[in-house]
Number of protein chains: 2
Amino acid sequence: MNKPLPDLVPSLRALANPQRAQIMDWLLDPPAHFPPQRDGDLIQDGVCVGFITDKTGLTQPTVTSHMKILESAGLVSSKKIKNWVFYKADRGALDQIAQVFGQAASRR
Amino acid sequence: MNKPLPDLVPSLRALANPQRAQIMDWLLDPPAHFPPQRDGDLIQDGVCVGFITDKTGLTQPTVTSHMKILESAGLVSSKKIKNWVFYKADRGALDQIAQVFGQAASRR
DNA sequence: ATTCTATATCGGAATTGATCTATATAGAGA
DNA sequence: TCTCTATATAGATCAATTCCGATATAGAAT
């Protein structure tokens, strides 16, 4: 046990970018930050790329790129419904990060 | 309260680099990773730049630069004794990060 | 005073990151 | 089938990061 900090580097790299940190934050409470969706529930399924694009003010390709980085770090998961791709925060991943920092803080 | 993830960006940027994450990890248990020091206690005062330089295999200017980044992110503190500068991990900062991730994980 | 030692600063090279525009693809609906 | 919509990919550009060698500085020791 007692995972070392270097294990977190991939996740931290993903969240070290302000846009991605902001997106991640929004995804933790979608109804507070995004309008309702026609196909796909904000909480159940996640938020579609288009909404995230609008909210960030970035272009769609840039947002797609950010989302892939978050996903390959295991911080979000994606689900495709019809034409849309919905991204959902993975709270378990955040909790694991919290654990590692917690035990780092109280390590001998 | 409930600090948002973007607040962590400066800290995360500092720790998103493998060398800095590794150094931070070593600093959490100096006696396990560094030889005893003549002037300055490993635990009490921290670890001198020279030891960190040797252990990383990087050059001294590069390590100095990494340490300044960690310090300005509030993750380590420094103390100068004679010719040496000793760096010590700030566990409180790590704990605060753990808190933010913890409450992010259980947010809705 | 001079030299030695530890760390800091400077300037530059190579790499990686963030972002855009343009275009492709895939599925839905008419 | 044709078109429309949402997302993906490609390619380019500009900025930021990482790292090094050379040199400066500051304090100790001789």
Side-chain angles (χ1 to χ4, degrees), chain A residues 6 9-24 27 34-42 45-73 75-88, chain B residues 6 9-24 27 34-42 45-73 75-88:
Chain A
V9 167
S11 301
L12 301 188
R13 288 174 65 81
L15 290 174
N17 174 281
Q19 313 281 2
R20 289 192 296 266
Q22 180 65 81
I23 292 169
M24 195 68 197
L27 291 184
F34 300 98
Q37 291 169 156
R38 254 190 304 291
D39 299 87
D41 181 69
L42 279 179
D45 305 306
V47 183
C48 73
V49 175
F51 281 1
I52 302 173
T53 298
D54 292 347
K55 188 129 178 127
T56 55
L58 298 171
T59 63
Q60 172 266 313
T62 298
V63 169
T64 289
S65 160
H66 282 319
M67 297 317 295
K68 284 187 178 306
I69 289 170
L70 286 171
E71 185 172 29
S72 64
L75 294 162
V76 303
S77 60
S78 69
K79 172 196 290 191
K80 183 160 193 170
I81 301 178
K82 294 192 175 174
N83 270 11
W84 294 273
V85 176
F86 299 95
Y87 283 96
K88 190 176 168 181
Chain B
V9 168
S11 302
L12 300 188
R13 218 169 20 169
L15 290 174
N17 174 282
Q19 313 280 3
R20 290 193 295 267
Q22 181 63 80
I23 291 170
M24 195 68 198
L27 292 183
F34 300 99
Q37 290 169 157
R38 284 207 318 286
D39 299 87
D41 181 69
L42 279 179
D45 305 305
V47 183
C48 73
V49 175
F51 281 180
I52 301 172
T53 298
D54 292 347
K55 190 134 176 117
T56 55
L58 298 171
T59 64
Q60 172 266 315
T62 298
V63 170
T64 289
S65 159
H66 281 319
M67 297 317 296
K68 284 187 177 306
I69 289 169
L70 286 172
E71 186 172 28
S72 64
L75 293 163
V76 304
S77 60
S78 70
K79 173 195 289 191
K80 182 159 193 171
I81 302 179
K82 296 192 175 174
N83 271 10
W84 295 273
V85 175
F86 298 95
Y87 283 96
K88 191 175 169 182

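Labels below follow one simple rule: chain letters A, B, ... track the order of the sequence lines, proteins then strands, and each chain is numbered from 1.
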[atom1] of [X] versus [atom2] of [N]: gap in Å, rounded?
| X | N | atom1 | atom2 | answer |
| --- | --- | --- | --- | --- |
| Gln19(A) | dC20(C) | CD | C1' | 13 Å |
| Lys80(A) | dT5(D) | NZ | C1' | 12 Å |
| Trp84(B) | dC4(C) | CH2 | C1' | 12 Å |
| Arg38(B) | dA28(D) | CZ | P | 13 Å |
| Ile23(B) | dT18(D) | CD1 | C1' | 12 Å |
| Leu15(B) | dT18(D) | CG | P | 12 Å |
| Lys82(B) | dT5(C) | NZ | C1' | 12 Å |
| Glu71(B) | dA8(C) | CD | C1' | 13 Å |

Do any side-chain nitrogens or oxygens of [X] fall under 4.0 Å of OP1 or OP2 in [N]?
| X | N | answer |
| --- | --- | --- |
| His66(B) | dC19(D) | yes |
| Arg20(B) | dT18(D) | yes |
| Thr64(A) | dA8(D) | yes |
| Thr59(B) | dC20(D) | yes |

Between dT7(C), dT7(D), dC20(C), which one does the side chain of Cys48(A) approach most closely? dT7(D)
What nucleotide, of dT17(D), dT18(D), dA8(C), holds the atom closest to the side chain of Val49(B)? dA8(C)
Contact nearer the 5' end of DNA chain C, comparing Tyr87(B) with Pro61(A): Tyr87(B)
For Thr62(A) and for Lys68(B), locate the closest nucleotide of DNA chain C by heavy-atom distance; then report the residue assigned to the nucleotide nearer the 5' terminus. Lys68(B)
pair Gln37(A)-Trp84(A): side-chain heavy atoms closer than 4.5 Å: no
Do Met67(A) and Val47(A) have side chains that approach each other closer than 4.5 Å (heavy atoms only, starting at C-beta)? no
Any N or O donor-acceptor pair under 3.5 Å from the base of dT7(C) to the side chain of Asn83(B)? no
Can you tell me whether the side chain of Gln60(A) and the base of dA6(D) have a donor-acceptor pair closer than 3.5 Å? no
Do any N or O atoms from the side chain of Gln19(A) and from the backbone of Val63(A) form a donor-acceptor pair under 3.5 angstrom? no
Test item: Ser65(B) side-chain N/O and Pro61(B) main-chain N/O as donor-acceptor pair under 3.5 Å: no
Closest approach of Pro10(A) to Ala73(A) (non-hydrogen atoms, all atoms of both residues): O-CB, 4.0 Å
